[in-house]
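Let me begin by presenting the structure, written as structure tokens, before commenting on it.
Just so we're clear, the structure is a prediction, and the values are computed from it rather than from any experiment.
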Amino acid sequence: MNGSSNIVDRVLQTNIYIQPIHFVLAVLTNTINIRILSSSTLRASPCTHYFLTYAILSIIYTCLLCPIQFARSFSVNLIRDMISCKLHAYFLFALPLQANLMIILASFDRFCASIQLNRLQSLNTILIARRNIVFSVIFSFGYMLPMLFIYHWNESSKKCFLQNNLIIKIYISSQVLIYYVISPILLVIFGILTIYNIHERSTRIKPLISTAARRRTETQLARMLFLQVLVHFIFILPFGILYSLNSFVPSTEIPKIIAIRLICVTWQQGDYFISFFLYILSANIYRQEFMRIINSMNCSIHRRTDYFSPRLQVEYDKIELSAKTTYSLA
């Protein structure tokens with residue numbers, strides 16, 4: 001038994017090194033994502049607003065999870081009472097669901113864009129995207145409200161436990177169905193149909209010169225989304241399988257399985273910073289915006305240097321002149 005417990009302890013101790021890296025990468029890359037996606041070139045597409053929301057959710061999720069995981073590596077449990085137990089379970093399940101909905105909505109937007117010959121005006125489509133984001137937030141946080149009641153704080157063991165009865169099992173089943181079955185199916189369907197429609201339109205319709213740049217942007221956004229969906233599956237499925245197993249078969253919550261589940265949690269966290277690298281890899285327009293921001297920062301630094309350098313030179317000349325005058329008088 002001690003050997004099995006040591007496995008869990010060793011996995012937790014790796015968080016001393018992994019969680020700070022996760023935290024820095026997630027906050028830094030998603031901050032850059034927000035800055036680039038907020039540019040006028042990309043902001044004109046409604047799909048970008050889903051990417052922006054996903055980046056914001058990733059930062060919030062990271063700021064909640066990383067400190068808890070990091071503290072656990074030192075045997076410090078930040079979940080110390082009934083309130084923190086319930087809120088921890090609620091937000092750490094609601095935020096990933098909301099992030100997943102953003103990817104689904106982005107996929108649906110790319111599908112709609114691929115079949116519309118005459119797109120709605122930019123303002124209208126962006127307003128629709130914002131409305132969808134608000135509705136999805138209401139749905140995800142409303143749907144996860146039962147998490148506030150099905151987790152129980154055990155005062156004697158100082159641990160947070162999932163209660164087990166028929167109604168809770170049905171609710172957990174719906175979670176697994178939505179997050180790990182329906183969502184992947186929708187993403188695959190929208191992805192295949194979008195690729196097919198883009199291919200069909202490229203062979204049948206020659207784009208007008210005035211819309212070529214817009215089409216290029218839309219195509220690159222679709223490519224960014226396709227890679228993100230693919231990598232999203234790779235990161236979330238291992239934890240999803242173990243979460244389902246532990247929820248439906250409580251006897252599987254043995255130290256070895258718990259250790260593997262903790263590894264899967266750490267693995268899943270990679271989903272919240274990898275998007276930046278995928279965007280850089282897949283979209284030329286994203287790389288151009290990134291380099292433009294870097295160049296503008298360099299120009300700003302040079303302007304400040306150029307502004308202060310003459311003033312410093314004048315002050316230096318005054319000091320040198322004063323020193324020469326004092327020396328000549330002496």
Side-chain angles (χ1 to χ4, degrees), residues 1 4-5 7-8 11-12 57 60-69 71-72 77-104 135-187 232-233 235-269 271-272:
M1 188 70 179
S4 299
S5 299
I7 294 175
V8 177
V11 172
L12 288 174
L57 290 168
I60 297 173
Y61 180 79
T62 299
C63 290
L64 288 175
L65 181 61
C66 283
I68 293 173
Q69 295 291 86
R72 289 183 69 183
N77 190 3
L78 297 181
I79 306 167
R80 299 180 177 179
D81 52 32
M82 181 182 66
I83 295 176
S84 59
C85 166
K86 294 179 179 295
L87 290 178
H88 168 262
Y90 178 68
F91 284 109
L92 290 187
F93 280 89
L95 289 171
L97 175 62
Q98 176 62 26
N100 194 57
L101 288 176
M102 290 302 98
I103 298 178
I104 294 174
F135 286 159
S136 67
V137 169
I138 294 173
F139 168 77
S140 58
F141 282 87
Y143 174 74
M144 284 297 173
L145 279 176
M147 298 296 287
L148 295 173
F149 306 100
I150 67 177
Y151 271 86
H152 172 69
W153 176 253
N154 191 313
E155 192 64 38
S156 59
S157 63
K158 301 295 182 182
K159 291 184 179 181
C160 199
F161 288 101
L162 175 68
Q163 300 182 61
N164 191 14
N165 59 49
L166 180 60
I167 296 177
I168 292 175
K169 284 185 176 180
I170 294 173
Y171 174 69
I172 297 298
S173 299
S174 70
Q175 281 187 358
V176 174
L177 185 67
I178 290 174
Y179 200 87
Y180 298 107
V181 179
I182 296 177
S183 294
I185 291 174
L186 289 176
L187 290 172
H232 179 66
F233 287 156
F235 277 113
I236 69 166
L237 286 180
F239 175 78
I241 293 170
L242 286 177
Y243 173 69
S244 305
L245 182 66
N246 292 157
S247 299
F248 297 126
V249 188
S251 60
T252 59
E253 292 193 16
I254 59 177
K256 289 183 179 179
I257 300 297
I258 292 173
I260 297 173
R261 180 173 168 173
L262 289 171
I263 294 172
C264 291
V265 170
T266 303
W267 172 254
Q268 184 177 253
Q269 286 179 261
D271 193 34
Y272 295 95

### Task
Before giving the answer on side-chain contact (heavy atoms from CB on, under 4.5 Å), spell out for Leu262 and Arg72 the whole-Å C-alpha distance, their side-chain angles and the decisive distance to 0.1 Å.
CA-CA 11 Å; Leu262 289 171; Arg72 289 183 69 183; 3.8 Å; yes
Might you confirm whether atom [atom1] of [X] has over 12 heavy atoms from other residues, nucleotides or ligands at distances under 6.0 Å?
X	atom1	answer
Ile170	CD1	yes
Phe135	CZ	no
Ile83	CD1	no

### Task
Show your reasoning for whether side-chain contact (heavy atoms from CB on, under 4.5 Å) applies to Asn100 and His232.
CA-CA 9 Å; Asn100 194 57; His232 179 66; 2.8 Å; yes
With a 4.5 Å heavy-atom cut-off, do [X] and [Y] have their side chains touching?
X	Y	answer
Met102	Ser136	yes
Tyr180	Ile241	no
Tyr143	Ile178	yes
Ile7	Ile258	no

#### Entry: Polar side chain donor-acceptor pair, Gln175 to Tyr243, under 3.5 angstrom
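Side chains of Gln175 and Tyr243: pair found under 3.5 Å.
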### Query
Are Trp267 and Gln269 linked by a side-chain donor-acceptor pair shorter than 3.5 Å?
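There is no such pair between these side chains.
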Would you say the side-chain atoms of [X] pair up with the backbone N or O of [Y], donor to acceptor, closer than 3.5 Å?
X	Y	value
Ser140	Leu97	no
Lys86	Tyr151	yes
Tyr90	Phe149	no
Gln98	Ile138	no
Ser84	Asp81	yes

### Query
What do the steps show when you test Tyr179 against Ile236 for side-chain contact (heavy atoms from CB on, under 4.5 Å), and what is the final call?
CA-CA 10 Å; Tyr179 200 87; Ile236 69 166; 3.8 Å; yes
Atom [atom1] of [X] and atom [atom2] of [Y]: how far apart are they, to the nearest 0.5 Å?
X	Y	atom1	atom2	result
Ile60	Leu65	CD1	CG	13.5 Å
Phe239	Ser244	CZ	OG	9.0 Å
Leu148	Cys85	CG	SG	10.0 Å
Leu95	Tyr61	CG	OH	8.5 Å
His88	Arg80	NE2	CZ	14.0 Å
Tyr272	Thr62	OH	OG1	8.0 Å

### Query
Pick from Leu242, Val11, Val8: which one makes a side chain to side chain contact (heavy atoms under 4.5 Å, CB included) with Ile260?
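Going through Leu242, Val11, Val8 one by one, the side chain to side chain contact (heavy atoms under 4.5 Å, CB included) with Ile260 is satisfied by Leu242 alone.
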### Message
Testing the basics here: between Ile104 and Leu187, what is the closest heavy-atom pair and its distance to 0.1 Å?
### Response
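Result for this residue pair: CA-CD2, 3.7 Å.
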#### Entry: Nearest non-hydrogen partners of Asn165 and Ile168, listed with the distance
OD1-N, 2.9 Å
#### Entry: Residue pair Ile172, Ile150: steps toward the side-chain contact (heavy atoms from CB on, under 4.5 Å) verdict
CA-CA 10 Å; Ile172 297 298; Ile150 67 177; 4.1 Å; yes
